[in-house]
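Below: one structure, written as structure tokens.
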Amino acid sequence: MEIKRPLLLISNDDGYQAKGIRQLVEMVSDFGDVLVCAPDSARSGFACAFSVTTPLTLVCQEQFTASSGAHVEIWSCNGTPVDCVKMALSELCPRKPDMVIGGINHGDNASVNTHYSGTMGVVMEGCMKYIPSVAFSLCDHRADADFEPLRPYIREITQRVLAEGLPLGVCLNVNFPLVDAFTGVRVCRMAKGTWSSEVSKYRHPRGYDYWWMVGRYQNDEPEAEDTDNWALTHGYVAITPTQSDVTAYSALSQITNWKL
């Protein structure tokens, strides 16, 4: 009986051409067959959005056999990161993936950035389909960022998840600091943080106003040593278990006692 190799579904929010996703494919292709379905251009900040008014298209950009013997397909989609996962699961995957991987993202997805991130949208979609899912991000927005130092960590985490799985409804948000050498690895919670000065107004030469969404992030608990922000600031790789169930269980009893 033929033993099928694990199937890894990979996507991102930087686009299929991004260096991060190409490096990720190269790092993990010996673990199984790889299917990439990623946006045709950058979709940062799309979180878990999916398309309901725009028809979607798929384009096969590349197919090849990696040196490991793995079959690799790279597809692009004109939709959001979540659209890419949904389309891949519906139209491209020959079987249910053994793992969904997001990244490697150019820029961090720690703290409240988790809620905005298209890279996290990828793994939340996988998580909601009960597929073990992991997002990888590097605190470096440069198009030519150096991802090579991440290799042993990404390979180890991928191997562990393939071998052991994850609890249902739980995915991993893994962020790497931009440092010369990692201090170590910390399993931590999401830091409480806020964005301010998020809108910059400009005047167009043709006489109308326009705005850029920008902003400044503030860690609201900088001394808390159990958070992802603290870990990254101190050179650690931050691994944050993240769940799809957003119920505030601590508030259930209070709200239940309301007299409505």
Would you find more than 12 non-hydrogen atoms of other residues, nucleotides or ligands less than 6.0 Å from Arg203 atom CZ?
-> yes
CD of Glu223: more than 12 outside heavy atoms within 6.0 angstrom?
-> no
To check you understand the geometry: which heavy-atom pair defines the closest contact between [X] and [Y], and what is its length?
X: Gly121; Y: Val82; result: O-CG2, 3.5 Å
X: Thr80; Y: Ala49; result: OG1-O, 2.7 Å
X: Tyr16; Y: Ser76; result: CD2-CB, 3.5 Å
X: Cys93; Y: Leu35; result: SG-CD2, 3.5 Å
X: Ser111; Y: Met190; result: O-SD, 3.1 Å
X: Asn12; Y: Gly103; result: CB-O, 3.9 Å

Classify the side-chain pair Thr242/Asn173 by whether it contains a donor and acceptor separated by less than 3.5 Å.
-> no
Quick one: do [X] and [Y] end up in the same hydrophobic cluster if we chain Ile, Leu, Val, Met, Phe, Trp and Tyr together by side-chain heavy atoms under 4.5 Å apart?
X: Val85; Y: Val34; answer: no
X: Ile131; Y: Val134; answer: no
X: Phe136; Y: Met27; answer: yes
X: Val123; Y: Ile239; answer: no
X: Val185; Y: Phe147; answer: yes

Spell out, as yes or no, whether a donor-acceptor pair under 3.5 Å connects the side chain of [X] to the backbone of [Y].
X: Thr114; Y: Asn109; result: yes
X: Asp13; Y: Pro81; result: no
X: Thr183; Y: His234; result: yes
X: Ser137; Y: Asn175; result: no
X: Gln17; Y: Asp40; result: yes
X: Arg43; Y: Ser41; result: yes
X: His106; Y: Gly20; result: yes
X: Ser90; Y: Lys86; result: no
X: Thr256; Y: Leu252; result: yes
X: Thr247; Y: Asp245; result: no

Of Ile104, Ile101, Val36, the one forming a side-chain contact (heavy atoms from CB on, under 4.5 Å) with Val25 is Val36
With a 4.5 Å limit on heavy-atom distance, are the side chains of [X] and [Y] in contact?
X: Ser133; Y: Leu172; value: no
X: Ile154; Y: Val174; value: no
X: Leu92; Y: Glu73; value: no
X: Ser44; Y: Asp14; value: yes

Transitive ILVMFWY cluster of Val214 at side-chain heavy atoms under 4.5 Å: who else is in it?
-> Tyr202, Tyr210, Trp212
Looking at residues at least two apart in the chain, or sitting in another chain, which of them share a ring-ring contact (aromatic ring centres under 6.0 Å, His included) with Tyr217?
-> Trp195
Identify, with sequence neighbours excluded, every residue that meets ring-ring contact (aromatic ring centres under 6.0 Å, His included) alongside Phe46.
-> none
Does the pair Glu125 and Cys48 meet the rule for a side-chain contact (heavy atoms from CB on, under 4.5 Å), with working shown?
-> CA-CA 7 Å; Glu125 184 65 22; Cys48 289; over 6 Å; no
Give the C-alpha distance, both sets of side-chain angles, the deciding distance and a yes or no for side-chain contact (heavy atoms from CB on, under 4.5 Å) between Phe64 and Ile74.
-> CA-CA 9 Å; Phe64 60 93; Ile74 298 177; 4.2 Å; yes
Lys201 vs Asp209, salt bridge (charged side-chain N to carboxylate O under 4.0 Å, His left out): CA-CA, chis, key distance, verdict = CA-CA 7 Å; Lys201 181 179 180 180; Asp209 295 330; 3.5 Å; yes
Below 6.0 angstrom between ring centroids: does that apply to Tyr153 and Phe182?
-> yes
When Arg151, Lys19, Arg155 are each screened for salt bridge (charged side-chain N to carboxylate O under 4.0 Å, His left out) with Glu26, the one that passes is Arg151
Pair Lys129-Lys96, side-chain contact (heavy atoms from CB on, under 4.5 Å): steps then yes or no = CA-CA 10 Å; Lys129 296 290 193 295; Lys96 184 177 180 179; 5.8 Å; no
Might you work through the side-chain contact (heavy atoms from CB on, under 4.5 Å) test for Val122 and Val100, ending with a clear yes or no?
-> CA-CA 8 Å; Val122 166; Val100 171; 3.8 Å; yes
